[in-house]
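Below you'll find the structure, written out as structure tokens, and then a few comments.
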2 protein chains.
Amino acid sequence: MNKKPKSGTNQAVVLDLDAVIATVDAEKPQVLLVSADGSDARPSLPSGPFDPEGDRTMEEGLRRWVEEQTGLTVGFVEQLYTFGDLFRDPDALAGGPRSISVGYVALIRQSAAKRPAGSDWFDWYRLFPWEDWRNGRPAVLNEVLKPKISSWIDEADNAKAKRARRGRADVAFGFSDAGWDADRVLERYELLYEAGLVAETVIDGRIKTRQNQSDAHAWTGLPLHQDHRRILATALGRLRGKIRYRPVIFEVMPIEFTLLQLQRAVEALTGAPLHKQNFRRLVAAEGLVEPTGRVSSETGGRPAELFSFRPDVVRERPAPGVRMPRGRRTK
Amino acid sequence: MNKKPKSGTNQAVVLDLDAVIATVDAEKPQVLLVSADGSDARPSLPSGPFDPEGDRTMEEGLRRWVEEQTGLTVGFVEQLYTFGDLFRDPDALAGGPRSISVGYVALIRQSAAKRPAGSDWFDWYRLFPWEDWRNGRPAVLNEVLKPKISSWIDEADNAKAKRARRGRADVAFGFSDAGWDADRVLERYELLYEAGLVAETVIDGRIKTRQNQSDAHAWTGLPLHQDHRRILATALGRLRGKIRYRPVIFEVMPIEFTLLQLQRAVEALTGAPLHKQNFRRLVAAEGLVEPTGRVSSETGGRPAELFSFRPDVVRERPAPGVRMPRGRRTK
DNA sequence: ACACTTATACTTATTTTGAGCATATGGGGG
DNA sequence: CCCCCATATGCTCAAAATAAGTATAAGTGT
């Protein structure tokens, strides 16, 4: 339990701070990505160095470079996970310094969501097409992924490994009774990665890909630089979970909003459709919002009342968030 | 959005892997701490270096040194958080290399819980006395913490800051309608830290302590090395949350157990008492366990049936875990 | 046989959920 | 102006989940 580095080895690493900057705009979930330079290069997450001599905390460092580089001032920030696998970085494999990234999610309001130079807002489901259940079960699941996952299962070395693979797939993709669990974004991405079904797979050559160029991006989503899609999967899963017991959704909403807008934002992140009447009942019962007295007549039908977040709810409820069907057995 | 280090500064940091190794033994939640050497020194979390040249992944590195140093083989391992605040490490303030720790929780079964040399199992609630509600609201809350927190609130510079402090305290400690939220372990510890109510407060001298030596450890818990208690608070909060939707509790149970033992283990971690009949009904309804056919007559009364974890539950339920009263308004 | 202890089964009122129907209130076209 | 259309909002109702008991079972020790 000592901390002395083994003599003769270099223990130093370089820390990067990677940011998943997310919002919901026009009912679409969006994430900020840095456009690739080269022709076949992949977009990447905005990222900045951690400065051990200047930044008192990592979160401070993150806010600093996000502000410097994008001009965006982010509100809600949460640390996600620290990514340090060897194969995430080809340079380290080649003998360079080991690169470690601390991933963060940052949420930003629609109105503030201008487009910084060199980067673009991407629809989240361009990266994870199988995660969008707002219009029912995505076709890609049955038509593409399920059969390919089945082959991957069958290719396992022995019966035991096969069972293990099948079990993982059942749980992650809800092929069994459990049904689809929206929070398991990372498990799904990791399975697809291991099965060679996403374009990132081949970084370290350990796993052979089963992609062919034609269907690739349309079906299995836009590949990103290094392991950035894994970081995004972590972020989406975390947000989906958190939305249920913390009022994070309001971090992406404008100050005033209609209940339908709120519902659409929740649906955009969770990827699941919600029952309108029940949604408003739950939101009201939970005390999450209060009417502002104003109305919005942008929608065409009867004008909707405008609401705003009621911060006091956190003092009244132990776990204030958007209540949602828990065990939806949608297969 | 480039990653090039600023020239002239040293960007390298040293990564440690800190492990919260936890179990539940004889209905008591336990955590492994390394005994302090000096007389007034504080216990610390077991910790090992991350070896960028040897460890393919950080988790692998963690398992490696835990095995090497303690002889324990841990099962469930989950990354918690990466701690990098400047003031966590006095050496860095003095100009040494910046130290960053990646915290992990590892769970281990009771039976495997021998005592490695140089370390000891500590009851979790020796460190967080206010977190143990198994026998009702802990006395320390009203008798010690509440008044001291009140003074801290009153000492705020202006009315706005005062309101902010009160709001935080209300939420964290459930002084308002929301009641006690068992998951907010970290929020509570951080508030106590800022209020100078735990002995660790003074590391960087920014905040004055309001501890006096006599009541210190009995009331506000055993202080640990550096920010290790913060890491533990993170771990406890995370486990308490996770227990509800993932079958993690079985990672600390023996292979066979009675339903009451299971209940006691859950209570030990969540810190809340549960209704016995409902607990067993929920556990059964959730399909978490299956009878082994054997019975245990260690208890004195009617022998209890022995159960074991039913792994298939993860295929049947989207979020299998121990159902618990959600909004318990226990003030 | 009896007291005592713990385990387990069953009952009941209440709350929460899921789903749908009904009504309200605006705009626009005739 | 009136009717149609679209969306918003209010309300009902059955089913399921929950919280809190009461009752009964099955061992041990005297």
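Numbered from 1 within each chain, the chains take letters A, B, ... in sequence-line order.
Note on A/K276: every side-chain N or O is 4.0 Å or more away from OP1 and OP2 of D/dT9.
Rounded to an integer number of Å, the gap from CD of A/E286 to C1' of C/dT16 is 12 Å. One can place CG of B/L274 at 14 Å from C1' of D/dA20, the figure rounded to the nearest angstrom. Whole-Å rounding puts the B/L260 CG to D/dA25 P distance at 21 Å. Taking atom CZ of residue A/R264 and atom P of nucleotide D/dT7, one finds them 10 Å apart after rounding to whole Å. C/dT6 atom P lies 20 Å from atom CZ of B/F257, rounded to whole Å. Put simply, CG on B/L259 is 13 Å from C1' on C/dA9, counting in whole angstrom units. When rounded to the nearest whole Å, the span between CZ of B/F279 and C1' of D/dA20 equals 17 Å.
Residues A/P29 and A/R134 approach most closely at CD-NH1, 4.0 Å, considering heavy atoms. Closest of all the heavy-atom pairs between A/V171 and A/E187 is CG1-OE1, 4.0 Å.
Each of B/T258 and A/N278 has a nearest nucleotide on DNA chain C; the 5'-most of these lies closest to B/T258. Positionally, the nearest nucleotide of DNA chain D for B/L282 lies more toward the 5' end than for the other of B/L282 and B/Q277.
For the side-chain hydrogen bond (donor to acceptor under 3.5 Å, both in side chains) with A/N278, the lone residue among A/R280, A/R281, A/K276 that qualifies is A/R281.
The line from CD1 of B/I249 to CD of B/Q263 is 11.0 Å long, rounded to the nearest 0.5 Å.
Taking every side-chain heavy atom of A/R280 into account, D/dT9 is the closest of D/dT9, D/dA20, C/dA7. Listed candidates were C/dA19, D/dT7, D/dA20. Nearest to the side chain of A/R281 is C/dA19.
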task = Show your reasoning for whether side chain to side chain donor-acceptor pair (under 3.5 Å) applies to B/T292 and B/E256.
result = CA-CA 8 Å; B/T292 63; B/E256 292 196 328; 3.3 Å; yes
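Applying the salt bridge (Lys or Arg N to Asp or Glu O under 4.0 Å) test to B/E78 and every residue at least two apart in sequence or in another chain returns B/R238, B/K242. Not a single side-chain hydrogen bond (donor to acceptor under 3.5 Å, both in side chains) links B/R163 to another residue, sequence neighbours left out.
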Just the atom pairs and distances: protein N or O near nucleotides 26-30 of chain D's N or O, under 3.5 Å.
| residue | atom | partner | partner atom | Å |
| --- | --- | --- | --- | --- |
| D/dA26 | O4' | B/R302 | NE | 3.3 |
| D/dT28 | O4' | B/G300 | O | 3.3 |

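Within 4.0 Å (heavy atoms only), B/E305 reaches sugar-phosphate atoms of the nucleic acid but no base atom.
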